[in-house]
Structures are given as structure tokens and as C-alpha cells.
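Everything on this sheet refers to the single structure shown next.
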There are 2 protein chains.
Amino acid sequence: MNGEMNHKAYKALGDPTRLRIVQFLSQMCCGRAVMNESGGVYPGPTASEVCCQITGAEKITSTISHHLHELEAAGLIAIERRGKQMICSLRSQAFEEVALNLQSIARGDGTNACAEASDCEPGGDCCTPTGEVEQACC
Amino acid sequence: MNGEMNHKAYKALGDPTRLRIVQFLSQMCCGRAVMNESGGVYPGPTASEVCCQITGAEKITSTISHHLHELEAAGLIAIERRGKQMICSLRSQAFEEVALNLQSIARGDGTNACAEASDCEPGGDCCTPTGEVEQACC
DNA sequence: TGATCATTTCGCTAAATTACGAAATGAAAT
DNA sequence: ATTTCATTTCGTAATTTAGCGAAATGATCA
């Protein structure tokens, strides 16, 4: 049951400011190989640049710093020190994984389906559609 | 920009109780064609059955009722009156759509990418990796 | 070393969220 | 019509969260 990890990701994305941060990082092609003007790989925007983009502030605010670390704790972005700045990048793989989990929920397959009806705690004995349940749920 | 709709879905899924409700509905095959014991299409569990499964309570609690309507408001489930009970079912399509949005974020394609750098409000003038921005972000 | 810059931590306030029990509503059964 | 059952609404308490400014930390530069 990967529910534990996923609910943190959803919670992190549930804040509109954090969702905008993530969309901005997506636009910046973080986590994918992109060349910058000097021919090197562009590592991603600094925390300050993210903040500017989201709030218009010239310097990073404590609020955006906090949001960035929430996203990091949820496993959705990476934050790495480079000199005195912090470089932010999207953890694309995490998004792919959460997307797969959503599809699994949508399709009722594998990960989210019970092997047995009684797997569904704590009420026990799912009211399954197949009508094979001895004891009704409620 | 579908960000508005999606952030509500993420917020709804960010609560562990609601995520468990959704997983339970997924297991119950809601939204897909499943036969019940009398040969008809199983419509989904009642609100009370959902509550029993999640909390173990014999009757529906106001808390679960509230969570169900939060999920409905986020477009993730459908709730339909049938006699004196409310029947719950997953809106599978909504989950597929949110999953696609996550993949779009992961891959930096279409929906979440700016057509123009200046699309990214309110800071304006993205610090794009291509180095084609006149005015720096911060 | 001292100054400066980018970021984080701290203390706080306001607002939102979760949860619960009691009372109210809606629909069917007697 | 009254009762019964399933669910919702209401009022409220406890907890969490977002946001802000000031002070503290970490790292480079002069």
C-alpha cells in the first residue's frame, strides 16, 4: 500500500502556490537535459528566481522557502546548494509514479485492489459487488 | 490552464481519510460495469457502507458524510440518491485526467509549458534555460 | 576579517481544516 | 400520520496551515 507516500504528494500539490511552483519548474525543464547559454546543462532556477516568478518579490521570502521544502519533503522536487544559492529541480520520476497510482485507482487494477475482500480494514468484509461476502459490511 | 480544477483534486486527495475512501471505491469497481448477485449492474456502495469500511462505525458519521461531499465537489466521485440511501461511485475519468496532468508536469510538455516566457505571471519574463530572456527574473 | 548576499529559522497571527455529537431533514415503511 | 432509517446541517473545539517580518545562519567576496 503506497497510500502513505502518495497522500503527502497530494497534500503538497493541494496548495495553489505550491502547484504553481511545480508548474514553473516543469516549464524550466528541470530534471531534463537542457543546455544553457554557456553550453552546460541548466540545473534549474534558484529559490530566489522561483520566488520572483511566483510572488514578484525581488528576494526569496520565508513563505516560498517553506513551500519549497514542503515539496522537497514530499519527494516532488530536489533542492541542492550551489554556492550561496539553492537550485531547485523537479523530480520527474516522482510525478510519473503518482500519475501511475492515479491511473491504478481509476482502473481499479493491481495496486489498489484487494486480493481478498477482507483486506479492506478496519470494517472487514467488504460489501463486494460479486456477492460472495458472508458477513455484510454494516 | 487547468490548474484551478486540479489543485482542488489534489487537496481532496491530500487527506488520508479521503484517499482511503477513494481507494475503497476503486476496489468496489465503481464506475465500471460490474454485475451484482441479482444480475443487475452494481451501482456502488452506500455512504453508510463506505463509512463502515473506513471507520468501523455502524452508521454513517457526519465526518465521513463531509469527506464524501468534499470528494464530490472536487469532481472525483459521484453521489446519487437511491431511496433513503446515497450511492457512491468513482468518477474514473476525473482520475485519468488528473493523471495526465501529472504526466504533463513530469514531462514538461503541452499543458503546463508556457507558449511565451512572459506567460509566467506575476514575475514576468521567465528565467528560461534557453537564455533568450531580455529582462532577468530577479 | 568584515561585508554582503541567499536562504532559513523563529515568533506570531489569521484562516482553514478535521472531528464530534446533537438536532434537523428527506424518504420510505408501518 | 407516525415511525424509522440514512444522511445532512449546525455549533463548537482542537489542530494544522499559510503568511509575514525580524533575526540568525551559511557561503562567497573584498
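Nothing here was measured: the structure is a model prediction, and the numbers come from that model. A, B, ... follow the sequence lines: proteins, then strands. Residue 1 opens every chain.
Side chain of T17(B), nearest nucleotide from dA18(D), dA19(C), dA22(C): dA19(C). You'll find that the side chain of S65(B) is closest to dT8(D), out of dT8(D), dT18(C), dA22(D). Listed nucleotides dT7(D), dA16(C), dT9(D) differ in distance to Q85(B); the shortest reach to its side chain belongs to dT7(D). Ranking dA19(C), dT8(D), dT18(C) by closeness to the I60(B) side chain, first place goes to dT8(D). Listed nucleotides: dG21(C), dT7(D), dA18(D). Nearest to the side chain of D15(A): dA18(D). With distances taken from any side-chain atom of R81(A) to the nucleotides dA27(D), dT7(D), dC20(C), the minimum falls on dA27(D). When distances run from any side-chain atom of M86(A) to the nucleotides dA22(C), dT8(C), dT16(D), the shortest one goes to dT8(C). Of the candidates dA28(C), dT17(D), dC10(C), the closest approach to any side-chain atom of K84(B) belongs to dA28(C).
Taking CD1 from I21(B) and CD1 from I54(B), the interatomic distance works out to 5.5 Å, rounded to the nearest 0.5 Å.
We find that CD of E80(B) is positioned 14 Å from P of dT7(D), with the value rounded to whole Å. The CG-P distance, from L68(B) to dA6(D), rounds to 15 Å in whole Å. In this structure, I64(B) atom CD1 and dT17(C) atom P are separated by 17 Å, rounded to whole Å. The nearest whole Å value for the distance from the CG atom in L71(B) to the P atom in dT18(C) is 10 Å. The separation between K11(A) atom NZ and dA16(C) atom P is 17 Å, rounded to whole Å. Look at CD1 on I79(B): it is 13 Å from C1' on dA6(D), rounded to the nearest Å. E70(B) has its CD atom 11 Å from the P atom of dA19(C), to the nearest Å. Here dT17(C) presents its P atom at 18 Å from CG of L19(B), a figure rounded to the nearest Å.
Between dT9(C) and H66(A), no contact under 4.0 Å exists linking OP1 or OP2 to a side-chain N or O. Considering only side-chain N and O atoms, H69(B) lies nowhere under 4.0 angstrom from the phosphate OP1 or OP2 of dT7(D). Checking the phosphate oxygens (OP1, OP2) of dC20(C), a side-chain nitrogen or oxygen of T63(B) falls inside 4.0 Å.
If you check every strand for non-hydrogen atoms under 4.0 Å, R82(B) touches nothing.
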Working note: L25(A) + C88(A), criterion side chain to side chain contact (heavy atoms under 4.5 Å, CB included); need CA distance, chi angles, decisive distance, verdict.
CA-CA 8 Å; L25(A) 289 180; C88(A) 307; 4.0 Å; yes

Evaluate side chain to side chain contact (heavy atoms under 4.5 Å, CB included) for R20(B) paired with Q53(B), printing each intermediate quantity in order.
CA-CA 9 Å; R20(B) 288 179 57 214; Q53(B) 191 59 39; over 6 Å; no

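One cannot find a donor-acceptor pair under 3.5 Å joining the base of dG19(D) and the side-chain atoms of S62(A).
In this structure, I60(A) is not a member of the same hydrophobic cluster as I87(A), with clusters built from ILVMFWY side-chain heavy atoms closer than 4.5 Å.
By the 4.0 Å N-to-carboxylate-O rule, E72(B) lies too far from R91(B) to be salt-bridged with it.
Each of R18(A) and G83(A) has a nearest nucleotide on DNA chain D; the 5'-most of these lies closest to R18(A).
Looking only at side-chain heavy atoms (C-beta outward), L90(B) and L76(B) stay at 4.5 Å or farther from each other.
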